[in-house]
Each structure stands twice: as C-alpha cells, then as structure tokens.
Amino acid sequence: MANVESGRPGDAFAAGAAGTAKARLGMVRAALWLVAAVLAVRQVAVVLSTPKGERLTDLETWVGPGGVLHVNGSLYDSTRFTGTPFGGLVLKPLTRAAEQALGWGWTFGTLLLVVALGLVAARALPQPVSRRTALLAAPVAISLLMLSLPVRNTLYLGQTSIIPVLLVLLGCFAVRGERASGLLIGVAAALQPTVLLFAPLLWFTGRRRAALSTGVTFAATTALAWAAMPHDSFTYWVHHLAGVGLGRPADDLANQSLHGALLRFGLTGPLEIALFLLLGAAVAFLGLRRAVHYARDGQLLLAVALTGCVAIAVSPTTWQHQLLWVLLALVGRVGKKASDRYVWPVAVVLVMTLPAKMMLPNMPVLHPLRDNVVLLAALSAACVVPFLSRTSPHYQVPIPTQYAPPVEARWKHVPLLPFLRRVLSRPNLLLELLLIRVGYSAYQQVRLEAHGGSNEAARATAEQHGEQILAIEKFLFMDIEHWVNHAVVNVDWLRAFFDFYYTSFHFVVPLSVLGVLYVRRPAEYRWARSALGFATILALLGFWLYPLAPPRLMPGLGYIDTVHGVQDFSQPDYGTLTALTNQYAAMPSLHFGWSLWCGLVIAILAPKWWMKALGLLHPLFTIAAIVATANHWVLDAAGGAAVVGIGFALTYLLQGPRVSSRGKPAEVSIAEPDQAKDRTPS
C-alpha cells in the first residue's frame, strides 16, 4: 500500500494484479463450496425422499423395531448384522430412539462425518502445496466424497463405514500425542478389524507408541465387548472368523476383496483359501512396504490410503460401502509429464463414482475385469502404481506440455476460450480410453432415457413425429424411402450388403479414424475428437427433444425391416424403449453424422486424392444403407449433417483454427512452469 501511495506505477500495477487474482480465487472458492453444498443437499434429499422401507435398510435391520439389536439371542443368528460385537455394543443405545428421529439424525450425522473427513483430508495433503491448492482442496474433497459410491451407499443404507476412515485420519493428522492417535485408530479397528494393518505402518515409521496404543485399545474394546456379550463375541471371532460368512454371499459383486474375486472365478474349498492367504500375504507385504516408503517420504496421506487399499484386498469381505480408501489414493502424483499427471486422479474418480458397467462394456470376455474393477484399482494403488517421490525433480515441476504457436483466426474474438490452447503432443492413451468409454456410456444412458415419458406415450409421440417428417418430405418431393427399401429387398446381394454395412461400419470406421489420428497426427486427433464430441452431445439433445419413429416402426406404411426381420405391430410394447437402445432416437441420424465426420476428416487430412475419395464414399454408402434398411428418413441424415457442421463450428469458435501436428511447438521453459502454464496466445 505504501508503494502504491508513493506513485510508483509498476508497484501499483503489481498490487492491482495481485488483488484481481485474489478476487478470482475467492470467487472460485465460493463456487466450489456452493457445488459441495448442492451435492450434500441432493444426497440428503435423495435419501429422505425415498419411501420408508427402501432407505436406511441396514440401519433398520440393526436398530429398527424388529432389528437384530433388539433380540435377546445372538446378534448373528440371522447373519444380517455384519458388524463387530463392539459395534453392536455401541449401537445398542440407539434402539431407544424414535425411528423417524433416528433416521434424520443418522443421515445428517453421516453428512457431517463426510464434511469432517473432507476437511481433514484436505489439510493432510503432502507439503509443499500452493495457497490456491490449500484453499480449494477442502470443497473439492467434500464434493468428490459426496459423489463417490461408498458415501452414497453409506447414506442410503445407513452404514457406519465412514467412521473408521475418519478415526484413522484424525489419529494420523489431527490429534496431538501418539497415545491419543493410537487410541482413535484402535477404536476404528474395533469397528473394522482390518484397520489393525495401520499398526505396522505406525511401527515402521517410528510412531511405536501409537502402534502399541492401537493394539492395546483394540484389545481392550474387544475384551469389553466379550465381557458384555460373550456368546456373540465367540460367534463372531471364532465361529465366523472375524465376520466371514455374515451378510450377503461372499461371491457377491459387492464384495470387492481378493476372497470375493477368487470365489467369482469359480475357486472354492481349500484351494481357494490357500490361494487367498498366499495372495493376501503378498499384497500385505508389498503394500505396507510401499506405504512405509511414502510415509518416510513425507506423503503420509498417500501412505494411509495405500494401507487402506491393502485392507480392502486382504479382508475376507469388503462390501461396497467400505471402499473409501481407494478415493484417498488420488493424492499420489504419477507421471513425469504434465499431460500424464491427470491420468491417475481421473481413473480413481471414475472408478469410485461410476458403476462398473459404465466403465467397461457388457461383454463376457470383460466380466472378470468389470466385476472386480474397484479391487483392481485398490491393488494397483497398493502394489503397482509408481507414485513420484517428493525428492523427484518432476514432483513439483513436471515436464511441460508442448503447445503449437497460435494461428490467426478469421474473427478477432476467436478463440472464445483462449486457455484451450492447441497441444501438439499425443494425449495419454489410458486417459483417452477412459473418457471415450465413459462418454459413450453417458451417451447410451441419455439415449435410453430420451423416450418422452411412458412407453405408450413415447410410441404415440414418435409415430406422430414420423408422420410429420413424411409429410415434409412429400412436400419437398424427397420421400424416396419406400421405393429404395423395396427396390433393395428384391436384390438379395444388395440387401445383404447394406445390412452388413449398416450393422458393421458404424463404430469400426470412426474408431479406426481416431486410432490413426492418435498415432500419426496427435494435434489433428484432438481437433477431430472435439468436433465429434460436440456433434454427439447435440444429437443427444435431438433424441431428447424430438423422439422419432424410423420408417421400419411406422405401422401401415409397408416398410420392410431388412435388418431385424418382420415386425409385429400388434404388440403394444414393440419398438419402445428396449434393454439395448432407444428405437425412437432417429433424429438426427448419428449413423450418417458419424460417417460424415469420418469423410470430412479423411478428406481434409489425407495426403493423397484417392484416400480423400474413399473417405467421402463412406457417408454416401451410409446414407444409402440407412434408407435402404428403413432405419432412417432422409431428413434424419440432414439432421446428422447439421450437428456435425455445428460440432466443427463450435470447435473453431472455442479453440480456434486447427493446428497441424507438423507445426513447430511453442517454446516452454522448464525452469518457469508457472509462467508457461499461464501463458495464452493472443
């Protein structure tokens, strides 16, 4: 302030810039906290708006009027209670609470635990961290926790799985004194026995009093529960071997442990038990060794996460709501290049927030991966992923991304988002595959949901829109679908060709084009991929706003479905939303839109004239196929062409003109990463 008052313009400018940056940071922080609050309110609203009997089912099973904690016999007679005897002892007093008040209190109490967990995790980030990261970490952590499947399941079921995780984090990062730290972790172990794996972590990182306190606390709480409930304690620790066999069958998909995976592979009996013990010992040794290494490196939060991932793998039963440790593992830094730094966090977030069926296609050959995707993430974090050490020169300063020099646009306001600079280097393949898969899953889900209401309403609306399209085509003298369809049906080889082309080339050609561009022309790959993404999103809006029956689903018009065979229109549910796809998502035609995208990309980028010609033949064959097989109207193809054109236009407006891969990369100084990151083209 003194410098500003002295009239030095340079200092005044610097102070003004700093104030602007601070204001922007404050706005971003407020927006992130608003997002976290909205997500929290949404999760609570979903739980409380669910009909009684369908929500908080585990809590009802435990402490409800007919719950197992009310019975005079053993807690484990029905195998519905999966907690430890100490957990049952702690929950017993809750049986006196009113049912409705208990449900509300449990839901909001769990919400507060999630907020506390996010705050503690944000404060535990490995140092050094920038001021911006420190300010934004808490709302981001809380938002990710709210979106994660373990937290959503915990809120919905009324579980206690967040409490052990929070107790461990409090013991490692919040309380002072090793005895108090061990006390909290010991109580967590009394609620979830695999938490005892944190005792070796504490011991080998020099916190031996905390390790001893953990063991003593666990033994004392377990003995207390044994004295109060000897029969239940014997049943749990001896008969059920620390909970084995309680709850759902151990081969259930929700059991994401090595034991559950081996059972799903078909192994049983002594062989499965021996293999589980062998693999569990190997994972425990390797994972704890890595956790100790990263703890000594100053990354204690990562070490805690890796130990939790080990606990997930080696526990006989690790149910879906107990998998929160994997999410904490995203704090590890992987990759020397700046472009690779986001791969691991994105993979973890996707695994922990999306159902497994959205991560991998529903193909039998991929079922072993899909059924164990969270376990694989935990094993990868504990034993495989090469997290960077804080002593690595690339921990704070990764190898910068190469950007192309800016290309002058036709209009001065293009690009509208100048920070989306054209990258010359090839994007990370794993990240691209993850985003493509999740994007396609979202496309499938929206396409399924875009049916205009009930099945009956969807059919009526779609057929009405089909009559509108046919009337417009007749007015424009372009209603050629019936003539083309019947002409092709009478020529067997032509019908077989168009059926094969329609069913086979829709995905093969776009994926092939993307693959070639990724390998040979990475900058053009990013440009083409962005245009395709925009076009697909616009098409989804069309499916949602204008459900349309294709010619083959218009009764009384005489179209022949050459691909699916003769249709029985007397069936009221025929042609409505099916388990595979929305039959009324015809406008715009992505069959033609994607083929036109392929043709344009090949025509623009191919080096030889015959390659360009072959590329342009693909949309011509595609429009002939979709009309000949009665799967689309001609105007559907026009709609597909429109969304592709808008997709390329949006890419140009937002990111500017495309840049050739052969262009000279802009110089980026490794010694000045902050300046390089903030530099934008004029």
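Fair warning: this is a prediction, and the values are worked out from it, not measured in the lab. Each residue takes its place number in the sequence, starting with 1.
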Rounded to the nearest 0.5 Å, how far apart are [atom1] of [X] and [atom2] of [Y]?
| X | Y | atom1 | atom2 | value |
| --- | --- | --- | --- | --- |
| Ser143 | Trp33 | OG | CH2 | 8.5 Å |
| Leu166 | Leu112 | CG | CG | 11.0 Å |
| Met229 | Leu89 | CE | CG | 4.5 Å |
| Leu125 | Leu300 | CG | CG | 12.0 Å |
| Leu212 | Arg207 | CG | CZ | 13.0 Å |
| Ser257 | Gln322 | OG | CD | 10.0 Å |

Heavy-atom donor-acceptor pair, [X] side chain to [Y] backbone, under 3.5 Å:
| X | Y | answer |
| --- | --- | --- |
| Thr221 | Phe218 | yes |
| Asn372 | Pro368 | yes |
| Asp297 | Gln299 | no |
| Thr353 | Val349 | yes |
| Arg290 | Ala382 | yes |
| Gln43 | Met146 | yes |
| Gln320 | Ala254 | no |
| Tyr156 | Val151 | no |
| Arg296 | Phe204 | yes |
| Arg341 | Gly335 | yes |

For [X] and [Y], work out which heavy atoms get closest and say how close.
| X | Y | answer |
| --- | --- | --- |
| Ile185 | Cys172 | CD1-SG, 4.1 Å |
| Pro316 | Asn255 | O-ND2, 3.4 Å |
| Trp344 | Val385 | CZ3-CG2, 3.6 Å |
| Tyr294 | Phe387 | OH-O, 2.9 Å |
| Gln256 | Val373 | OE1-N, 3.8 Å |
| Leu191 | Ile163 | CD1-CG2, 3.9 Å |

Run the numbers on Ile162 and Leu145 for side chain to side chain contact (heavy atoms under 4.5 Å, CB included), then give the verdict.
CA-CA 10 Å; Ile162 293 178; Leu145 288 169; over 6 Å; no
Residues Met352, Val348; criterion side chain to side chain contact (heavy atoms under 4.5 Å, CB included); working and verdict
CA-CA 6 Å; Met352 297 307 296; Val348 171; 4.2 Å; yes
Would you find more than 12 non-hydrogen atoms of other residues, nucleotides or ligands less than 6.0 Å from Arg390 atom CZ?
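More than 12 heavy atoms, drawn from other residues, nucleotides or ligands, come within 6.0 Å of this atom.
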Over 12 foreign heavy atoms within 6.0 Å of CZ, Arg152
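Correct, the count exceeds 12.
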Contact check, side chains of Leu328 and Val331, non-hydrogen atoms, under 4.5 Å
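No. Closest side-chain heavy atoms not under 4.5 Å.
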Would you say Thr82 and Thr317 make side-chain contact, with heavy atoms under 4.5 Å?
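No, their side chains stay 4.5 Å or more apart.
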Decide yes or no on side chain to side chain contact (heavy atoms under 4.5 Å, CB included) for Leu253 and Arg264, but give the supporting numbers first.
CA-CA 8 Å; Leu253 294 181; Arg264 287 190 290 273; 3.5 Å; yes
Under the side chain to side chain contact (heavy atoms under 4.5 Å, CB included) criterion, do Val334 and Leu388 qualify, and how do the steps go?
CA-CA 6 Å; Val334 184; Leu388 289 176; over 6 Å; no
For Trp325, run the side chain to side chain contact (heavy atoms under 4.5 Å, CB included) check against Leu306, Thr318, Val310, Val304 and tell me which one passes.
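Only one of Leu306, Thr318, Val310, Val304 forms a side chain to side chain contact (heavy atoms under 4.5 Å, CB included) with Trp325, namely Val304.
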Mind checking ring pair (Phe, Tyr, Trp, His ring centres under 6.0 Å) for Phe86 and listing every partner two or more places apart, or none if nothing turns up?
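With neighbours one apart ignored, the set is empty.
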Arg333 to Tyr395, cation-pi by 6.0 Å centre distance and 45° axis angle
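Judged by the rule (NZ or CZ under 6.0 Å from the ring centre, within 45° of its axis), Arg333 counts as positioned above Tyr395.
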side-chain contact (heavy atoms from CB on, under 4.5 Å) partners for Leu136, two or more places apart
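Leu136 satisfies side-chain contact (heavy atoms from CB on, under 4.5 Å) with Leu25, Val28, Arg29, Leu32, Arg132 once adjacent residues are dropped.
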Checking Ala211 now: which residues fulfil side-chain contact (heavy atoms from CB on, under 4.5 Å) with it, not counting sequence neighbours?
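In terms of side-chain contact (heavy atoms from CB on, under 4.5 Å), with neighbours along the sequence ignored, Ala211 is linked to Leu202, Trp203.
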